[in-house]
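Note: hydrogens, waters and symmetry copies are ignored here, and every other heavy atom, side chains too, is used. Per chain, numbering begins at 1; letters A, B, ... match sequence-line order.
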2 protein chains.
Amino acid sequence: MKNPCIICVAITGSVPKKANNPAVPVTISEQIESTHAAFEAGASIAHCHVRNDDETPTSDPEKFARLKEGLEKHCPGMIIQLSTGGRSGAGNERGGMLPLRPDMASLSVGSNNFPTRVYENPPDLVNWLASEMKTYDVKPEIEAFDLSHIVQATRMQADGRLNGPLYVQFVMGVKNAMPVDKEIFDFYIKTLNRLAPDALWCGAGVGPGQIMVNEWSIAAGGHTRT
Amino acid sequence: MKNPCIICVAITGSVPKKANNPAVPVTISEQIESTHAAFEAGASIAHCHVRNDDETPTSDPEKFARLKEGLEKHCPGMIIQLSTGGRSGAGNERGGMLPLRPDMASLSVGSNNFPTRVYENPPDLVNWLASEMKTYDVKPEIEAFDLSHIVQATRMQADGRLNGPLYVQFVMGVKNAMPVDKEIFDFYIKTLNRLAPDALWCGAGVGPGQIMVNEWSIAAGGHTRT
Ligand SMILES: [Zn+2]
Ligand SMILES: [Zn+2]
Ligand SMILES: [Zn+2]
Ligand SMILES: [Zn+2]
């Protein structure tokens, strides 16, 4: 196999709590064991969020440091990707863990609606997070919630704000943003290939669309999020 | 000609001032005369913003009422479209002119980045503006700054939040949002036709891309904004 599929496992996310699903790993030790199991099963990127003691999301760099240390010990060789997503903090807090120099970090480059609110990624914050990632040699995973986010990432590569090759995740199935739609999925791939021929991509379906987007991604020769 | 092209003239906008271009109509009487000239030249929709005495944008319903009254007198039969855009007010202020029952009003159904900030259209506000437009029998022009906004409008028609047929404007050329891109323009048309076959659409290029998007729109059998 020339081009193996990279499976990225999002073990915790920022939303679900034990009350929603008792299997969600929330403490650092639960997260390490859950990631270890996924690593053994073939996942090669761990997409990580951390939580407060009351299970609410946080961007606390100290928590991220403990998780990263545990993952490096239990899952040697696994790629560690820390979330800079907006559900876990506001403004520059969102990049407070980047000095830990994880292999990767998520990066949103545009704004969009979420189920009940605006997912705010103002241009100044995007540019600051991108420059911090360059400073600390962190590879961004671009979270594309809409078509213009893909275009914006390619512009940021062209003008040097992002290093190539890009690694772009297509996020589908978020209410009030982009649904799980095969024609749009295909156009995402086509547009990324046109504007950044060296880019890699990964498909992520949220909720009930997860398996379908996994299948589309694997069939199209891309990578996927589980 | 079976299907004449509708030209919508945006006479003032919310940004440019006399210092940027002395020809920008800012006072109500300047706006009325400028719209009259465009109407005589063939424009059939007037997209209207109003300004304070210092030229900053406002959503003041009293100003909109005076403009509407003047346009009805000077441009009989012209379609009057009032802006509910976010540069002129915040929250429910943005819909304060809808009880004037203009023929149309602009409606953003998603959020995106603008050159220096987030253009915030939270789901609750979008739903409230849409319901006010139904209450006052105002036809929305959907402002699509990104692909998911087109999809969202079709969902809102499907579940009854918007009356069909939709009238959707593709806005291209806004920095940090969607650029002027022909393949994406064509995909916008294809996606709208697929998801809402009875919809009408209009192309708007901001700044240097304006004439190009006008040409693409006319060639593709759509309507256009000038
Ligand atoms: Zn995440
Ligand atoms: Zn272990
Ligand atoms: Zn406007
Ligand atoms: Zn006149």
Is a donor on one side and an acceptor on the other found under 3.5 Å between the side chain of A/T58 and the backbone of A/D60? yes
Give the ring-plane orientation class for B/W216 versus B/F185, where under 30° counts as parallel, over 60° as perpendicular and anything between as tilted.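 Correct class here is tilted.
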Checking B/Q81 against B/S106: is there a side-chain donor and acceptor pair closer than 3.5 Å?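 Looking only at side-chain atoms, B/Q81 and B/S106 do not form any donor-acceptor pair under 3.5 Å.
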Between the side chains of A/Q31 and A/T12, is a donor N or O closer than 3.5 angstrom to an acceptor N or O? yes
For A/M133 against A/A105, the heavy-atom pair lying closest together: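 Taking every non-hydrogen atom into account, CE-CB, 3.8 Å.
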Taking all non-hydrogen atoms of both residues, which atom of A/G203 and which atom of A/S217 are closest, and how far apart?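 It is CA-OG, 3.3 Å.
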Given a strict heavy-atom distance threshold of 4.5 Å, which part of A/K175 is in contact with chain B: side chain, backbone, both, or neither? neither
Looking at chain B, which one of A/M178, A/E183, A/K190 has the largest number of heavy-atom pairs inside 4.5 Å, strictly under? A/E183
Just so I understand: if I count every heavy-atom pair under 4.5 Å between each of A/I184, A/T191, A/V109 and chain B, which residue has the most?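 When all of A/I184, A/T191, A/V109 are compared, A/I184 has the most.
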Less than 4.0 Å between a side-chain N and a carboxylate O, is that true for [Y] and [X]?
X: B/K182; Y: B/D186; result: yes
X: B/K63; Y: B/D53; result: yes
X: A/K17; Y: A/D54; result: no

Sort by residue number and list every member of residues 135-160 of chain B having a non-hydrogen atom under 4.5 Å from chain A.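 The stretch touches chain A at B/D146, B/L147, B/S148, B/H149, B/V151, B/Q152, B/R155.
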Taking 4.5 Å as the heavy-atom cut-off, does anything in residues 113-125 of chain B contact chain A, and if so which residues?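 Contacts with chain A: B/N113, B/F114, B/P115, B/T116, B/R117, B/V118, B/E120, B/N121, B/P122, B/P123.
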B/F170/B/W201 aromatic ring centres below 6.0 Å: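 Ring centres of B/W201 and B/F170 closer than 6.0 Å.
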Evaluate the side-chain hydrogen bond (donor to acceptor under 3.5 Å, both in side chains) criterion for residues A/T224 and A/N214: first the C-alpha distance (whole Å), next the side-chain angles of each, then the deciding distance (0.1 Å), finally the verdict. CA-CA 6 Å; A/T224 200; A/N214 288 156; 2.7 Å; yes
